[in-house]
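Note sheet for the following structure.
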Amino acid sequence: MHGPHRYTSLLLPLLCGLIFVGLCPPALADADRLAERRALVQSLRGVSPDLMIDDPRVRAALLAVPRHRFVPERLQAQAYLNKPLPIGYGQTISQPLIVALMTELAEVAPHHKVLEIGTGSGYQAAVLAELTDRVFSIEIITPLAHQAGNRLEVLGYHRIQTREGDGYYGWPEEAPFDRILVTAAAAHIPPPLIRQLRPGGRMVIPVGPRWGAQTLMLVQKDEAGETTTESLLPVRFVPLTRQPTD
Amino acid sequence: MTHDAPGSGQLLALALVAAGILGFEVALTRVIAIQHLHHLAALVIALGLLGFGAAGAFASLTATAIQRRTPAWLLVSAAGFALTLPLSLTLAGHIDLTLPALAWRPEELAGFALYTAGFLVPFFLGALFITSCFVRWPGHIGRLYAADLIGSATGALAVPLALHWLSLEQVLTLCALSAALAIVLLRLPMPARSVGAGLLALGLAAEPLGWVTVAPAAYKELPTQLATRDARVIWQRDTPEARLAVLEAPGLHAAPGQSIAVTDEAPPQARLFFDGDGGTPLLSPRAPPGPQPGVISAAGFRLAPPQPSVVLHTQGSWQAWVAAGHTPRKLQMTTTNGALIELLTGQIDGATGPGYLPAKAMLSAISVRRFHAAINGPFDLVLLELSAPEAGLAAGAIRYDTTVEAFADILADLGHQGVFAVVTDIKALPRYSLRLLATAVEALRRSGRHPPRHVAALRDWRTLVLLVSAAPMTPAQQDRLRAFAQRWRFDLVALPRLQASDSNRFHRRQQGELYGPFQQILARGLTALASQYPYDISATTDDRPFYHRFFRADAVPLLRDRFGPTWRAHLGWGYLLHWGALLIGLLLAVAAILTPLALTHWRPRPIDCLRPRRLVTGLYFSALGLGFMFVEIGLLQKSTLLLDATSTAFSVVVAAMLVGAGVGSYWLGSDAMPDRRLALWLLVPAMLAPLWMVLFDHGFSLAAGWPLPARAGFVALAVFAVALPMGCALPQGMRRLRATGSATIAWAWGVNGFTSVLGSLAAVLIAMHWGFAALMGCASLCYLVAAVLGGRLSPARAKTTNARQ
């Protein structure tokens, strides 16, 4: 092949390559998908002046945890959309906004002992583990418990203690806890969990349908051991459409 | 198949296919309820039934081919129905659809459309069989239509009855088998009959091999719970109203309404599911729970006298055990599901077990309304526990136990110190609780009472109990309620002389606080609040019993202001889906009705003989389709009051409608009838339809205590009387079109099919907005229009008209 034809023959592979790069999922372009995660975290603001995601530690934790590693393979393209995704067995990995708000509301300090009820994919536990070294998580659905345990191990979250079990009874051997996060709403607040919450502690529970608008509820136990609840604003349906302004 | 008239074999085959189609329609309500949500069953089926209209439109284009090769058309359509019925179920079971996520996942709409479209195919093929019969024997439409209607009536009656003994899967298989049997009976050539025999064998093998399965979608509560450790279903039963399932699992700990101050763990329990959802705890006398004083529904016992006579209108056994802890003198419970009574009382499958109720409880098979109409009190405490479905998908469902009339009946049954307690969920922005309050206020006012002195309410973070007393609440009663609320950390929402500072203390709500709206409604009625509230929270009545419908189009901006980006989740999607289905149906109907007319230019035997009366023909058969469904839906919904369950009402009303119309078709439709006489016959339903609404209202108080056969007979007789003259309208109309050819008959059948579907969708919307009386007014109008137009269909009349012009 001589003359201009030599360049023409190069043009086709080059064009194909460009198309491939253009079409390939960002995961291939950026294995850790940090850019997507950054965009997602920057877009998460809150739902009202009283309920903003403005704790830099929470933002850093969300930025550090690769959500796509907790999402089923077939839903990889949606891993950084602000919406819940099915993970099997009728369960979901929570919407990032809800994870962020629950973490923000929990006000987790580095010395806190935190109990999570409903490990699910393990994503919320991983976010909590970025804030404290003492995270305990229970999952009642056997396959999910095993999958999440393995996943957290592979990702290096060795400090998270997980177990398969009935979250209703909490984790009495490790009680009391400073913070409890319940990721599946119950018909009533389990008395064992209230008992295992340290006076001055906070419990965060999403209330409402798994697939609908959920209201976050904050349960607080005062120093006298009396408990009150506070239902905050409904959350969900915040599409990732606006670019951050800052 | 050479006879000019259809033989008994053909008529029986037609009746069998019709029975299979209607049986499938009825069974499909159960399929949709189990797989997804029962509120959507009517919607999905209405869209599926568009297959009827499509079959008519299709047959109008292929009438010549049908006439030329009728046996092949009958074979293919019947065999197609028998095969696509299980296939559509398999497809529906495999569609990944999460309906509750409809508000935020637009792709769910595509899944929903696919789910619905799958059911369209068997309906299309079944209807094509019937239409082919009409096209083949146009001179015998009266007999054919009668066979069609009586077969359909048999299907409507047989399926709910069969569900008392057979599983849903077995019933669905029988529906497919009826079409296979029809092929055998058709006197077709041997190869074709062997197809029928093969299908019969296949069908008989299908059920034992589990080829037809109906299971809840993964997002429903039962599959989710089944995924937990050591969970298993220990009992399951299909009934006409619901598939009941009892789950045992170590991870079940429900205690609905239990106070945050309770330190005891939830008692050991199983859980009862209705159609794979709505789990409610079942507590066993083998491990009887202790007293449950810290449950919010126990508030009613603080107002009632000691050792009260209690009536519980609840599902499951939780509230019965709560009541049992308060040593009632008498504990009466009601349910409309016979299988549930067997389960709760321990009489399962002929064996006697401990059941799930405390020893003192007595359970009766009766609806709330009939109980209070037929059995007089006085009672000290009546408790009604209500569910509050999410996403407003239940907008089209009716309830007669939450209407103003129901509250008035219950209040009339209370003793002097009696209390009516209603337990419901609280939503992010309250709606059910406010509607219930508005209903109570209206019922109290109608009985001459001053509402603020009779109403109290308290809540926790997710449950509210509304208390309505027969007599003004005494200071002692108020003190007891205050002490109860304080002890168990419940927030008072309403009580005489309650201050704002006494409310919203233990369970604070940033948005949707209830104290303010409750005070407004109690003090000034609903008018002041209604205009500024994002939902329609007005009281429901027996004429408009749509308890779950809250949508207000003019209040959408208010909803957006209130919820910002989450506003779509709080819309009434069920209501909007009804409108969406109506619009889709309308578009499809217009396209399918107009297509055969447009294609007449290209065809050798056009429907142009229809042209002079095209509009008249279309309007006549549209009026019949709409009118028939308006009457049927109106009577069906209204008779639910007397027949307790929608499934029973459906069977009785639809069967009586079809038999009545079938007899009318045979008796009045087989021979030619003068125009004037036809008009007179059509005036009968026009007059009777509104009258029957009055009859049902007054008949309820008279017949409420009758046994089921007598009540069903009363309803069936009334429905039969109105349906009989309706039955002559279609065959007489088609008889007048006979001279214009089979294609026109098929086209008119298609118009009637499409407008029937549109009528069933429009009927619900009309009733939602203006009530059943208005719906029957619309039905009257339709039959008046048909009476006027009936005489203009015949060619002689058209020729006369043209000559005059």
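The sequence lines fix the lettering, A, B, ..., with proteins before strands; numbering per chain opens at 1.
Contacts between A/Ile140 and chain B at a heavy-atom distance below 4.5 Å involve backbone atoms as well as side-chain atoms. At a 4.5 Å heavy-atom cutoff, B/Ala261 makes no contact with chain A through either its backbone or its side chain. Interface residue A/Glu164: backbone and side-chain heavy atoms are both found under 4.5 Å from chain B. Neither the backbone nor the side chain of B/Asn504 has a heavy atom closer than 4.5 Å to any heavy atom of chain A.
A/Glu226 is listed as a side-chain neighbour of B/Arg489, based on a closest heavy-atom distance under 4.5 Å. Side chains of B/Trp461 and A/Val219 form no contact here, defined as non-hydrogen atoms less than 4.5 Å apart.
Sparse packing is recorded around CZ of A/Arg69, with 12 or fewer heavy atoms of other residues, nucleotides or ligands lying under 6.0 Å away. Residue A/Glu73 places its CD atom among 12 or fewer non-hydrogen atoms of other residues, nucleotides or ligands, all under 6.0 Å distant.
Judged by distance alone, with hydrogens and angles left aside, the side-chain atoms of B/Arg229 form no donor-acceptor pair with the main-chain N or O of A/Gly165 at under 3.5 Å.
A/Ile141 contributes atom CD1, which lies 7.0 Å from atom OG1 of B/Thr224 (distance to the nearest 0.5 angstrom). The distance from atom OG1 of A/Thr229 to atom CG of B/Asp460, rounded to the nearest 0.5 Å, is 7.5 Å.
Minimum interatomic distance between A/Thr228 and B/Arg505 (heavy atoms only, all atoms of both residues): CG2-O, 4.3 Å. Taking every heavy atom of both residues into account, A/Pro191 and B/Asp264 meet most closely at CG-O, 3.2 Å. Closest approach of B/Ala266 and A/Tyr168 over heavy atoms only: N-OH, 2.8 Å.
The candidate from A/Leu144, A/Thr142, A/Thr227 with the greatest count of non-hydrogen atom pairs under 4.5 Å with chain B is A/Thr227.
Under the 30°/60° scheme for interplanar angles, the aromatic rings of A/Tyr169 and B/His253 are found to stand perpendicular.
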